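Take a look at the structure set out below.
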Amino acid sequence: MTIQLIFPDGSVHEHESGVSGFEVAAGIGARLAKAAVAVRLDGELLDLSRPLLHGGAFEVVTETTDEGRHVIRHSAAHVMAQAVLDLFDGATFAIGPAITDGFYYDFNIGRPFDPDDLEQVERRMAEIVEADQPFEREACSIEEALALFVDQPYKTEIIQAVDDSEGAGGESVSVYRNEDFVDLCRGPHLPSTGRLKAVKLLRSAGAYWRGDETRDQLQRIYGTAWESKQALDDYLNRLEEAERRDHRRLGNELDLFSFPPELGSGLAVWHPKGGLLRTIIEDYSRRTHLSHGYEIVATPHVAKAQLWETSGHLDFYAEGMYPGMMLDEQTEYRMKPMNCPFHILIFKSNGRSYRELPLRLFELGTVYRYERSGVVHGLLRARGFTQDDSHIFAMESQLGDELQSLLDFTLMVLRDFGFDEFEADISTRPEKYVGQDDAWDKAEAALQQALEIAGLPFEIAEGEGAFYGPKIDVHVRDAIGRRWQLSTLQVDFGQPENFDLLYASAENTRERPVMIHRALMGSIERFVGILVEHYAGAFPVWLSPVQATIVPVADRHIGYGREVAAAMGEIGLRVEVDEADDTVGEKIRRAITHKTPSVLVVGDSDVEGGTVGLRLRGEEHERRGVGITAVLDELKQMAAAPR
RNA sequence: GCCGGGUUAGCUCAGUCGGUAGAGCGCUUCUCUUGUAAAGAAGUGGUCGUCGGUUCGAUUCCGACACCCGGCUCCA
């Protein structure tokens with residue numbers, strides 16, 4: 001009996017039924033066979049050794065693809081589990097998937113791993129790889145599997161749940177064996193452990209069984225595995241690059257901000273250069289909101305607890321709020337975790353007409369959220385931060401148009417800050433929700449349509465919406481490909497209800513408006529953190545706190561340097577004169593390490609000719625003797641804000 | 001909040017098997033007056049995170065707390 005395999009190029013090839021994926025790959029080419037780690041038949045990934053029993057779309061999965069690396073990492077996870085079970089008596093193991101750029105496995109060895117343990121595990125893994133043990137797949141019944149893993153409570157639980165993602169599902173499960181190690185696994189795996197060429201364990205950490213904090217705390221070991229030593233090194237270099245970009249490190253080196261322990265966890269102070277950077281960003285934000293139909297408001301940082309009861313925050317998110325303060329006898333006050341109730345009260349301060357809608361209230365509003373102690377992370381997750389927050393009050397009929405222009409505005413802002421790769425999520429109605437079904441339907445459709453018109457790729461996160469409305473989250477990719485969630489556009493049917501918001505319609509009836517909560521940068525703190533990492537601290541000129549450093553060659557050139565600085569300051573450039581008693585080389589080095597976009601060296605010939613030596617970031621050579629007017633023009637142009 | 005690791009000079013870090021500490025950079029001063037990524041010299045700088053315990057003696061050992069780091073969980 002023969003089967004027909006359809007290759008990716010559309011060609012059809014006949015093979016004997018039962019032929020292995022490896023044999024097919026070898027028939028195509030020796031190099032392909034060597035690089036193969038698995039095959040895909042009609043969408044299903046199979047081991048190279050697996051007999052192919054039916055025809056269909058066929059593809060060889062090679063080691064340099066994401067899927068191929070996934071197979072490598074999954075096999076590496078198995079070898080790690082094998083090593084741990086070899087080394088630690090009574091060790092139990094839970095799950096060990098491949099993840100982006102690596103893999104992990106969760107264990108219980110009755111104590112945490114220490115760094116020496118990891119080295120030992122890594123050495124044992126190397127021995128297993130050296131032994132080149134074949135991975136062998138077996139199908140077994142649930143009963144057989146339970147007997148096989150009788151000493152393994154986590155495996156037993158998985159088998160009993162017949163978890164489709166772990167075993168084959170249904171009546172039987174698959175296991176993989178190499179030597180005396182056996183693990184429950186769907187596969188596929190490499191043909192043998194010897195195919196692992198570049199594996200490294202990275203760290204261990206606690207993790208809950210099934211991700212549930214009420215269940216066992218397991219010990220997770222993270223590792224990474226690649227198709228070659230070179231690819232592993234490249235990855236490790238990328239990790240180092242990410243570390244070099246870490247906003248906490250750069251924030252310190254560039255003197256932008258700090259987190260004094262005296263203030264408490266998650267609370268930043270902004271140093272002069274960071275304060276300037278923030279102000280530039282905030283000014284941009286106010287400017288663009290004003291030119292896009294928003295009105296700026298300002299609101300306090302605390303309010304009566306009663307307000308948060310009306311808004312529902314105390315019901316749902318009390319544990320995320322700072323505790324109350326008792327003032328004026330019996331009145332409790334709370335720090336604000338959100339700005340919306342304040343903006344709502346501004347809406348309510350007047351009777352509103354449909355003619356005023358959509359009413360867009362904007363504020364750089366500072367909020368305080370009591371983040372759990374283990375989660376604060378520099379500027380990216382702080383306890384006090386400022387949102388570029390707006391609440392839009394609109395008629396339901398305006399929702400579609402409003403969301404669409406809002407999305408345009410959002411993308412404009414993100415592009416202005418140097419992001420040009422976007423992805424979005426639409427989060428739809430959860431199980432418990434407020435508002436009418438048809439209103440939800442319309443809002444979800446409006447969100448989706450806005451994304452389609454803007455041409456953004458998006459995914460639908462079913463049931464992930466807040467109870468009060470659906471939302472769009474916009475993610476960007478940074479300069480080294482990392483994904484960050486920035487903007488959120490959120491429809492709210494709940495708060496207008498809670499606060500009994502009304503407007504007078506054209507027919508002079510009282511109607512309930514719909515609200516949109518939205519933040520584009522999200523939090524200014526977090527946005528700055530992401531910008532620091534995106535630009536590795538080397539901000540575009542318009543954002544640089546210091547746009548030019550003037551370096552006098554000798555003391556006698558300081559006066560001229562100051563004149564040049566004054567001329568630059570007059571056209572709005574931010575300039576410093578480095579008057580320190582250092583050599584020219586040292587001063588230039590300092591300016592460069594501080595990521596100043598332009599360095600202007602002034603010496604005898606410049607004083608004489610009214611020129612400077614101009615060194616721009618990114619240009620290979622400096623330019624000598626450039627006339628002042630030309631420099632001013634050039635820098636002014638470079639420093640122009642996007643709008 | 002949970003698990004693990006950590007906290008020594010402004011920064012990055014070494015060190016003390018319990019007898020109160022060191023480097024590089026920075027900073028200050030002096031000399032040099034410099035032309036495109038580190039001139040030379042001399043200084044300065046630490047309640048060894050906080051509080052308690054053990055001890056003749058604690059920066060070192062133990063405990064609690066604070067803060068940081070890596071994960072988990074959470075993220076209106």
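Chain A is the first sequence line, chain B the second, and so forth, proteins listed ahead of strands; every chain is numbered from 1. All figures in this text were calculated on a predicted structure; none of them were measured in a lab.
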Send over the distance from [X] [atom1] to [N] [atom2], rounded to a whole Å.
X      : N      : atom1 : atom2 : value
A/L254 : B/rG10 : CG    : P     : 21 Å
A/W209 : B/rC2  : CH2   : C1'   : 18 Å
A/I95  : B/rC72 : CD1   : P     : 12 Å
A/Q495 : B/rA76 : CD    : C1'   : 10 Å

Using a strict 4.0 Å threshold on nitrogen-to-oxygen distance, state whether A/R215 and A/E157 make a salt bridge. yes

Can a donor-acceptor pair be found between the side chains of [X] and [Y] at a distance below 3.5 Å?
X      : Y      : value
A/H313 : A/S311 : yes
A/T299 : A/H343 : no
A/Q152 : A/T92  : no
A/W484 : A/E533 : no
A/D106 : A/Y154 : no
A/Q490 : A/Y468 : yes
A/R210 : A/Y208 : no

NA contact type, [X], heavy-atom cut-off 4.0 Å: base, sugar-phosphate, or nothing?
X      : result
A/G374 : base
A/F467 : nothing
A/H377 : sugar-phosphate
A/R372 : base

Reading nucleotides 33-46 of chain B from 5' to 3' and marking B where a protein heavy atom lies under 4.0 Å of the base, S where only the sugar-phosphate is that close, and - otherwise, the string is BBBBBBB-------

Protein N or O to nucleotides 4-7 of chain B N or O, pairs below 3.5 Å:
none

Heavy-atom donor-acceptor pair, [X] side chain to [Y] backbone, under 3.5 Å:
X      : Y      : value
A/S544 : A/A538 : no
A/E622 : A/G613 : no
A/D425 : A/F458 : no

Within 45° of the axis and under 6.0 Å from the centre of the six-membered ring of [Y], does NZ or CZ of [X] qualify?
X      : Y      : result
A/R383 : A/Y370 : yes
A/K348 : A/F499 : no
A/K595 : A/F539 : no

Toward the 5' end of RNA chain B, by each residue's nearest nucleotide, A/E213 or A/R369: A/E213

For atom CD of A/Q436, is the number of surrounding heavy atoms from other residues, nucleotides or ligands below 6.0 Å larger than 12? no

When you look at CD of A/E619, are more than 12 heavy atoms from neighbouring residues, nucleotides or ligands closer to it than 6.0 Å? yes

Enumerate the residues from residues 241-253 of chain A whose closest heavy atom to RNA chain B is under 4.0 Å, giving them by residue number; use none for an empty result. A/R248, A/N252

Those residues of residues 300-319 of chain A lying under 4.0 Å from RNA chain B by at least one heavy atom: A/H313, A/Y317

A/Y105, A/F88, A/W209 screened by ring-ring contact (aromatic ring centres under 6.0 Å, His included) with A/F93, the one that passes: A/Y105

For RNA chain B, what is the dot-bracket line, given that a base pair needs Watson-Crick (N1 to N3, plus N6-O4 or O6-N4) or G-U wobble (N1-O2 and O6-N3) geometry with both distances under 3.5 Å, and | means paired with another strand? (((((((..((((.....[..)))).(((((.......))))).....(((((..]....))))))))))))....

Side chain A/Y208 and base B/rG1 donor-acceptor under 3.5 Å: yes

Any donor-acceptor pair under 3.5 Å between the side chain of A/R381 and the base of B/rC75? yes

Rounded distance in Å between the [atom1] positions of [N] and [M]:
N      : M      : atom1 : answer
B/rU8  : B/rU59 : P     : 15 Å
B/rG57 : B/rG19 : P     : 14 Å
B/rG5  : B/rG45 : P     : 36 Å
B/rC2  : B/rC74 : P     : 16 Å
B/rC48 : B/rC11 : P     : 16 Å

Between protein and nucleic acid, restricted to nucleotides 63-67 of chain B and to nitrogen or oxygen atoms under 3.5 Å apart, what atom pairs and distances do you find?
unit_1: B/rC67; atom_1: OP1; unit_2: A/S265; atom_2: N; d: 3.4

Between the OG1 atom in A/T386 and the CD atom in A/E363, the distance rounded to the nearest 0.5 Å is 9.0 Å

Interatomic distance, CD1@A/I346 vs CZ@A/F393, rounded to 0.5 Å, equals 8.0 Å

Using 30° and 60° as the class limits, which term best fits the ring planes of A/W440 and A/Y433: parallel, tilted or perpendicular? perpendicular

